[in-house]
**Student:** 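One structure coming up, written as structure tokens, with questions to follow.
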Amino acid sequence: MKYHIILSSNSPRRKELLAGLDLDFEVRVIKGISESYPQDLPVMQIAEYIAVEKAGAYKQELAGDNLVITADTVVILGDAVLGKPKTLDDARRMLRLLSGKTHHVVTGVCLTSETKQKRFSVVTDVTFKELSDSEIDYYVDRYQPLDKAGAYGIQEWIGYVGVTSISGSYFNVMGLPVQRIYDEITKF
């Protein structure tokens, strides 16, 4: 690997997933980067837009052989974007919306070096069974849905009991499409 990889994320899931590629990397996080986007942006482009915006904050990190990986994940149900819930009641609301439906999980990724940039999105379709209020309450009360897009982690209890099908990358739903990242880094 000719690059020194920098992961710009505090997410323990993203760290775990990138570590699974057996690549050496370090984590560097710049606080306060905006995750806003133009309201007229098509929903399927939002995650990639935010990943590129995050990359812009790392201009000083791009000297030499540094390669910065920025990413953002959103859950899309119809035309609605479900980000991270603000409260536990908001998490319950999101899970009720997802119950019995198929939604898209979109992770936008931006690989940036001093001389070039590669951006892409990976989409996975996830279907939930009809979730009961008691199942939603159990999950929200025992896990941490506030730091997860769509208020759930597929690798947690709710994924075990609620997800009936998945089309696409499981790891993308966890927050980082590592297979695609590996391919893009090797071509970079």
Side-chain angles (χ1 to χ4, degrees), residues 1-77 79-86 90 94 103-124 144-154 168-169 171-188:
M1 183 59 56
K2 65 181 183 175
Y3 290 103
H4 173 78
I5 298 172
I6 299 168
L7 176 64
S8 69
S9 176
N10 270 328
S11 164
R13 290 164 301 282
R14 286 192 177 132
K15 290 179 209 172
E16 173 190 348
L17 290 169
L18 192 59
L21 294 179
D22 287 342
L23 299 173
D24 291 327
F25 68 95
E26 70 171 294
V27 174
R28 289 190 208 165
V29 178
I30 297 174
K31 302 271 187 211
I33 298 174
S34 172
E35 294 190 6
S36 62
Y37 53 87
Q39 292 305 306
D40 61 344
L41 190 66
V43 292
M44 297 301 275
Q45 296 176 17
I46 291 171
E48 188 173 319
Y49 176 90
I50 294 171
V52 171
E53 290 295 301
K54 287 178 180 179
Y58 285 83
K59 287 183 180 139
Q60 278 71 20
E61 310 289 328
L62 297 176
D65 64 350
N66 287 347
L67 172 64
V68 176
I69 301 173
T70 54
D72 193 73
T73 301
V74 296
V75 170
I76 299 170
L77 181 64
D79 288 331
V81 175
L82 304 179
K84 295 175 184 173
K86 307 274 190 261
D90 193 29
M94 287 184 186
H103 61 276
H104 306 294
V105 177
V106 182
T107 301
V109 178
C110 188
L111 307 176
T112 307
S113 73
E114 188 173 32
T115 59
K116 60 184 170 178
Q117 186 175 75
K118 173 69 177 180
R119 59 178 84 178
F120 57 89
S121 294
V122 174
V123 181
T124 304
Q144 282 92 37
L146 299 184
D147 72 336
K148 297 169 181 76
Y152 77 93
I154 194 168
S169 169
F171 299 113
N172 183 54
V173 182
M174 284 182 66
L176 203 61
V178 287
Q179 186 275 331
R180 176 76 184 271
I181 287 173
Y182 180 81
D183 284 348
E184 295 295 345
I185 287 175
T186 58
K187 291 187 263 182
F188 203 80

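Along the sequence shown, residues are numbered consecutively beginning with 1. Keep in mind that the numbers below use all heavy atoms, side chains included, and drop hydrogens, waters and symmetry copies.
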**Student:** Considering non-hydrogen atoms only, spot the tightest contact between Ile50 and Ser36 and give its length.
**Tutor:** CG1-O, 4.2 Å
**Student:** Between Val75 and Lys148, is the side-chain contact (heavy atoms from CB on, under 4.5 Å) condition met? List the steps.
**Tutor:** CA-CA 10 Å; Val75 170; Lys148 297 169 181 76; over 6 Å; no
**Student:** With a sphere of 6.0 Å drawn around NZ of Lys15, does it hold more than 12 non-hydrogen atoms of other residues, nucleotides or ligands?
**Tutor:** yes
**Student:** Taking all non-hydrogen atoms of both residues, which atom of Gly175 and which atom of Thr107 are closest, and how far apart?
**Tutor:** O-CG2, 3.8 Å
**Student:** Can you check whether Ile69's main-chain N or O pairs, donor with acceptor, with Ser8's side chain at less than 3.5 Å?
**Tutor:** yes
**Student:** Test your reading of the model: is there a side-chain donor-acceptor pair from Lys187 to the backbone of Asp183, 3.5 Å cut-off?
**Tutor:** no
**Student:** Drop me the distance from Leu146's CG to Lys86's NZ, to the nearest 0.5 angstrom.
**Tutor:** 10.0 Å
**Student:** Would you say Thr70's side chain and Ala51's backbone share a donor-acceptor pair under 3.5 angstrom?
**Tutor:** yes
**Student:** Tell me, please, which residues at least two apart from Arg180 pass salt bridge (charged side-chain N to carboxylate O under 4.0 Å, His left out).
**Tutor:** Glu184
**Student:** Hey, mind stepping through Met174 and Ile154 against side-chain contact (heavy atoms from CB on, under 4.5 Å) and telling me if it holds?
**Tutor:** CA-CA 6 Å; Met174 284 182 66; Ile154 194 168; 3.9 Å; yes
**Student:** For Glu26, give me all partners under side chain to side chain donor-acceptor pair (under 3.5 Å), at least two apart in sequence or on another chain.
**Tutor:** His4, Arg28
**Student:** Grab the two heavy atoms, one from Ala151 and one from Pro145, that are nearest each other, plus how far apart they are.
**Tutor:** O-CB, 3.3 Å
**Student:** For a 4.5 angstrom cut-off between non-hydrogen side-chain atoms, does Gln117 reach Leu62?
**Tutor:** no
**Student:** Could you report the tightest heavy-atom contact between Phe120 and Ile181, atom names first, then the distance?
**Tutor:** CZ-CG1, 3.9 Å
**Student:** Tell me every residue that passes ring-ring contact (aromatic ring centres under 6.0 Å, His included) with His103, counting only those two or more places apart in sequence or in another chain.
**Tutor:** Phe128, Tyr152
**Student:** Run Asp147 and Arg13 through side-chain contact (heavy atoms from CB on, under 4.5 Å) and show every step you take.
**Tutor:** CA-CA 11 Å; Asp147 72 336; Arg13 290 164 301 282; 3.4 Å; yes
**Student:** Drop me the distance from Leu82's CG to His104's NE2, to the nearest 0.5 angstrom.
**Tutor:** 11.5 Å
**Student:** When rounded to the nearest 0.5 angstrom, what distance separates CG in Asp90 from NZ in Lys84?
**Tutor:** 13.5 Å
**Student:** To the nearest 0.5 Å, tell me how far Tyr37 OH sits from Glu48 CD.
**Tutor:** 15.0 Å
**Student:** Where the side chain of Tyr3 meets the backbone of Ile185, is there a donor-acceptor pair that is under 3.5 Å apart?
**Tutor:** no
**Student:** Under the side chain to side chain donor-acceptor pair (under 3.5 Å) test, which residues partner Thr124, sequence neighbours left out?
**Tutor:** Asn172
**Student:** Will you find, in the side chains of Arg14 and Thr73, an N or O donor that is under 3.5 Å from an N or O acceptor?
**Tutor:** yes
**Student:** Just jot down the ring-ring contact (aromatic ring centres under 6.0 Å, His included) partners of Tyr182, sequence neighbours excluded, or say none.
**Tutor:** none
**Student:** Kindly indicate, with the supporting measurements, whether the criterion side-chain contact (heavy atoms from CB on, under 4.5 Å) is fulfilled by Val109 and Val122.
**Tutor:** CA-CA 8 Å; Val109 178; Val122 174; 6.0 Å; no
**Student:** At what distance, to the nearest 0.5 angstrom, does CG of Asp72 lie from OG of Ser121?
**Tutor:** 10.0 Å
**Student:** Taking everything shown except Lys116 itself, do over 12 heavy atoms lie less than 6.0 Å from its NZ?
**Tutor:** yes
**Student:** Within the 4.5 Å heavy-atom criterion, are Phe188 and Leu67 side-chain neighbours or not?
**Tutor:** yes
**Student:** Tell me, please, which residues at least two apart from Asp65 pass salt bridge (charged side-chain N to carboxylate O under 4.0 Å, His left out).
**Tutor:** none
**Student:** Could you measure the distance from the CD1 atom of Ile5 to the CG atom of Leu23? Nearest 0.5 Å is fine.
**Tutor:** 4.5 Å
**Student:** Is the backbone N or O of Ile33 less than 3.5 Å from a side-chain atom of Lys54, with the two atoms forming a donor-acceptor pair by type?
**Tutor:** no
